[in-house]
2 protein chains.
Amino acid sequence: MKNVTAAKPEISVQKCSYMRVLEIVSSKWAVLIIAALADGTKRYGDLRRRIEGISQKMLTQTVRQLERDGLVKRYVHDSVPPSVEYELTPIGQTILPHLFSMKQWVNEYYAEVERARQEYDRTDRK
Amino acid sequence: MKNVTAAKPEISVQKCSYMRVLEIVSSKWAVLIIAALADGTKRYGDLRRRIEGISQKMLTQTVRQLERDGLVKRYVHDSVPPSVEYELTPIGQTILPHLFSMKQWVNEYYAEVERARQEYDRTDRK
DNA sequence: CGGGATCCCTCCCGATACTG
DNA sequence: CAGTATCGGGAGGGATCCCG
């Protein structure tokens, strides 16, 4: 008779869906860029200004990755000075409700999380 | 008349809800641990075995952070050998539907994302 | 304006060894 | 069994300079 709690890694880092979520919306910048594009197309400089603290390197890099994943479309206008616009693709749009619902969750529970942290730091700290 | 696209960082790295989401469910390990605890209390070793590829350092560290945030409760049984169990708190439970729904999203769109990647690598690569 | 290319440094995290 | 402590490599990402 085998052990019921036998070793079977049910959550594989390689295959499981949760890893794929994080593979796509991995970085904080990815989430913020998608959020910034939620209400429509934006230019590069607009994004840069709207997302506080992002460096151009990370903006470019992350927006490229989102484009590669098919979540963001990049439009280059042949003009002087150059103008580049970014917008969410239909697939990119489909992730918005999930982000919104996560946002709702935070708005509802963040206060409790902060209380828990203070409690933890007060009692369990050495 | 002011510029309509004036510089107003609407998405602050410091304050916005999306950052708080990532602050709580930041790492991949956090998500995988919560997922592993979805169907009930687990012992330390069980978690370690169920989550493929996690080191004990990251398991301990992440589980501690989740405990600090009030998402996970840690039970220490005074026994020899020692036994420690982890389970989701009520707050921890409330995040599960969001994770599930993200999982659904991935299952629905991941194929398209992979297609987009291949397309991107084929055409836009140098 | 919208990037590309570099330098450089932090800190994440895995590996390893030890403990109550 | 369930951790803690320490070391070290490597990648993430910021700062800076340059370009079409």
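Proteins come first, then strands; the chains are lettered A, B, ... in the order of their sequence lines, and each starts at number 1.
- Within the structure, every side-chain polar atom (N or O) of A/Arg49 is placed at least 4.0 Å from both OP1 and OP2 of C/dG2.
- Each of A/Pro82 and A/Ser55 was assigned the nucleotide of DNA chain D with the nearest heavy atom; the assignment lying further toward the 5' end belongs to A/Ser55.
- Taking atom CG of residue A/Leu59 and atom P of nucleotide C/dG4, one finds them 11 Å apart after rounding to whole Å.
- Along DNA chain C, the nucleotide closest to A/Gly45 and the one closest to B/Met58 are compared, and the more 5′ of them pairs with A/Gly45.
- When the C1' atoms of four end pairs are superposed on the next four at each end of the helix from C/dC1-D/dG20 to C/dG20-D/dC1, using five pairs per end, the two resulting axes differ in direction by 50°, to 10°.
- Distances shown here put every side-chain N or O of A/Arg48 at or beyond 4.0 Å from the OP1 or OP2 atom of C/dC1.
- For the pair B/Lys57 NZ and D/dT4 P, the interatomic distance rounds to 12 Å; values are reported in whole Å.
- Comparing B/Pro81 and A/Gln61, the nucleotide of DNA chain D nearest to each residue sits closer to the 5' end for B/Pro81.
- Separating the CD1 atom of B/Ile51 from the P atom of C/dC13 is a distance of 14 Å, rounded to the nearest angstrom.
- Candidate nucleotides D/dG3, C/dG3, D/dG14 were compared by shortest atom distance to the side chain of A/Tyr86, and C/dG3 ranks first.
- At whole-Å resolution of the value, OH in A/Tyr44 and C1' in C/dG4 are 10 Å apart.
- If you measure from atom CZ of B/Arg74 to atom P of D/dA2, you get 10 Å, rounded to the nearest angstrom.
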